[in-house]
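A quick write-up on the structure given underneath.
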Amino acid sequence: MSKNKTIYRLRLSLSAIALIISFLAFTATFSFFTKFFAIQLGPGIASLVASFSITVLISVLAILIFTFLFGRFYCSLICPLGILQNFIGFLSFKNSKNYKNMAKTRYTIAALVFGALFCGWAVGFKILDPYTNFGLIASSIFTPLYNLITKTQNYDFTIPTLIISLIPFVILILLVLFKRRFFCTAICPVGTLLGLFAKYGVFRLNIGEKCVTCGACFRNCPSGSINLKDKKINNELCIRCLKCVAVCPKQAISFGTENKKQASTFNRSRRNFILGSVFVLGGIATGVGSAIIRGKNFLKDKIRAILPPGADDYSRFSSKCTSCQLCVAVCPNKVIHPRDFNHSVIYMDYSKNYCKYDCNACSSACPTGAIKKITLEQKQHTRIGLAKINRDLCINCGICAFKCPVKALSIEEDSNGDRALKYNAAVCIGCGACQVSCPHKAIEIVGIVEQSKTI
């Protein structure tokens, strides 16, 4: 076995391990693997926009600097959606070809997505961020199957949730089978950003003089980044899968610092600069416009939805959350549910369970900062809802008072000497323990417009 094939198989093995870790992170049993997502570029950028963190900034800069030095290894070693495409690609029998370099398309998409994100609207990330799409697939398809096999408790598996998650998965499979890594080279905004750093990078893959133009590299390249006629590799599009290095019979492909002129040159004309500026401004305008739309739409959802502690309010949460569903996966009591046809954002449902008082797993896991990083003590004093008591159904049994972790409910004697349920809204955090424990369904936790600190 040649050295190049060994390197390729090592890369493949590391990718498989990263994919397994990514899937297991969306299960309650292996939720500690969520730390792996701290090195995801998309969530990292979203997190910096939501709430600045020096740790996240270092992580983002490290990825970009590494990409500038060695190329888009992130896409083949760290990005879970990229790795998933890699393995789906093994099912394809189509040879690669030189796909059209859709530079304007990917630059436009990236400008709109990032421009909107910087203005507080994450809708582009919800649709196109690779980590978010992987989260949809993992939490809505893989996690239920895992829980079914291991007989682990899970939230209700609903048709709307399945449909929402199946759409990107089916589209991804079709793209990979017929266009290989088209998503990574023409659509993905994170890939576009990495490509710009790799385009002018230091160490690049080059085709050397040993090349006999056999076409093995060209046929096996999933990103269509090899120009066989000119014997050049477009390092902006190359995802560093190293398949070309492994299949080359002459070992003519290697890393080096020469041949920095790419197959597709960067047009520095004033026209392209103006077009690029228009795209960025369009993204910013989209983000600003969304702020107005969010103020008018989803009012019903805003009032009724109970959001995870640390979300603050509907407007902020809906603009920062990319619906990756990691919080859904790590919630031990499974009260956090994916968005569906009735809820435009991730929400909490106490129909079967309540939010654990001694848990802040969702806050710790959220990679984008949509759910703020709050300590357990802060969480225990964060009001996310209020209790609504139906006095016609309540029999003053006191079970809810016994279950309430903050003693917002108590049984006292009224002026007639009868037992009566007393409710102190000032200390209530809306955890739902009372609602779940009530045998007569006399208590319901209702959402509030803005989360606040209790006394």
Side-chain angles (χ1 to χ4, degrees), residues 4 7-8 11-12 15 66-79 81-90 92 94-107 109-110 130 172 175-208 210-211 213-267:
N4 287 347
I7 294 174
Y8 169 71
R11 198 281 303 168
L12 206 60
S15 298
F66 186 87
T67 302
F68 176 73
L69 291 174
F70 303 105
R72 293 172 59 176
F73 274 106
Y74 174 92
C75 301
S76 59
L77 283 175
I78 298 176
C79 176
L81 194 73
I83 300 172
L84 181 61
Q85 290 178 80
N86 192 166
F87 287 99
I88 294 175
F90 290 144
S92 176
K94 291 176 68 67
N95 286 329
S96 294
K97 60 181 181 180
N98 268 336
Y99 300 113
K100 183 179 178 181
N101 188 354
M102 303 178 68
K104 289 184 179 180
T105 300
R106 64 176 178 269
Y107 294 153
I109 292 174
L172 185 73
L175 281 176
V176 173
L177 293 182
F178 293 100
K179 292 288 188 178
R180 305 300 286 268
R181 298 296 286 272
F182 181 81
F183 176 83
C184 302
T185 59
I187 300 175
C188 177
V190 175
T192 299
L193 177 62
L194 290 170
L196 289 174
F197 279 82
K199 183 173 185 177
Y200 303 101
V202 179
F203 299 100
R204 337 158 62 73
L205 276 178
N206 300 296
I207 301 176
K210 295 181 181 179
C211 175
T213 321
C214 67
C217 60
F218 174 79
R219 291 190 299 271
N220 285 276
C221 177
S223 62
S225 59
I226 297 179
N227 185 330
L228 192 61
K229 180 180 178 181
D230 296 332
K231 296 184 179 181
K232 292 180 180 178
I233 297 176
N234 187 331
N235 280 272
E236 180 183 5
L237 301 181
C238 176
I239 55 173
R240 296 296 191 263
C241 68
L242 302 182
K243 189 67 181 291
C244 60
V245 177
V247 299
C248 181
K250 299 296 182 179
Q251 298 186 14
I253 302 177
S254 60
F255 275 98
T257 57
E258 69 275 9
N259 296 334
K260 290 192 176 182
K261 183 179 179 181
Q262 296 296 298
S264 59
T265 58
F266 182 72
N267 191 333

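Residue numbers run from 1 in the order of the sequence given. Values in this document were obtained by computation on a predicted structure and should not be read as measured data.
At least one donor-acceptor pair closer than 3.5 Å links the side chain of Asn227 to the backbone N or O of Lys229. Panel note: side chain Arg219, backbone Cys214; a donor-acceptor pair is recorded below 3.5 Å. No side-chain donor-acceptor contact under 3.5 Å links Arg181 to the backbone of Cys221.
One finds the CD1 atom of Ile253 at 11.0 Å from the NZ atom of Lys231 (value rounded to the nearest 0.5 Å). Annotation: the span from Leu12 atom CG to Lys243 atom NZ amounts to 9.0 Å, rounded to 0.5 Å. Atom CG of Leu175 sits about 9.5 Å away from atom SG of Cys184, to the nearest 0.5 Å. Atom CD1 of Ile226 is separated from atom SG of Cys238 by 7.5 Å, given to the nearest 0.5 angstrom. Put simply, CG on Leu177 and CZ on Arg180 are 9.5 Å apart, with the number rounded to the nearest 0.5 Å. If you take CZ on Arg106 and CG on Leu237, they are separated by 4.5 Å, rounding to the nearest 0.5 Å.
Across all their heavy atoms, Phe255 and Phe70 have their closest contact at CE2-O, 3.7 Å. Here the shortest heavy-atom pairing between Cys79 and Pro130 reads SG-CB, 3.7 Å. Smallest separation of non-hydrogen atoms from Ala246 and Tyr8: CB-CB, 3.5 Å.
Side-chain contact between Arg11 and Leu77 is present, with at least one heavy-atom pair separated by less than 4.5 Å. Between Leu172 and Leu81 the shortest side-chain heavy-atom distance falls below 4.5 Å. Residues Ile7 and Val245 fail the side-chain proximity criterion, which asks for heavy atoms closer than 4.5 Å. Counting heavy atoms from C-beta outward, Glu236 and Leu196 have side chains that approach closer than 4.5 Å. Inter-residue side-chain proximity for Phe66 and Leu194 is flagged as unmet; no heavy-atom pair is nearer than 4.5 Å. In this structure, the side chains of Leu205 and Cys244 come closer than 4.5 Å at one or more pairs of heavy atoms. Side-chain contact check for Ser225 versus Thr185: every heavy-atom pair is 4.5 Å or farther apart. Counting only heavy atoms from C-beta outward, the side chains of Gln85 and Ile239 never approach each other to under 4.5 Å.
A side-chain donor-acceptor contact under 3.5 Å links Arg240 and Asn235.
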Next on the checklist: Could you go through Arg72 and Ser76, starting from their C-alpha distance and side-chain angles, then the distance that decides it, and tell me whether this counts as side chain to side chain donor-acceptor pair (under 3.5 Å)?
Outcome noted: CA-CA 7 Å; Arg72 293 172 59 176; Ser76 59; over 6 Å; no

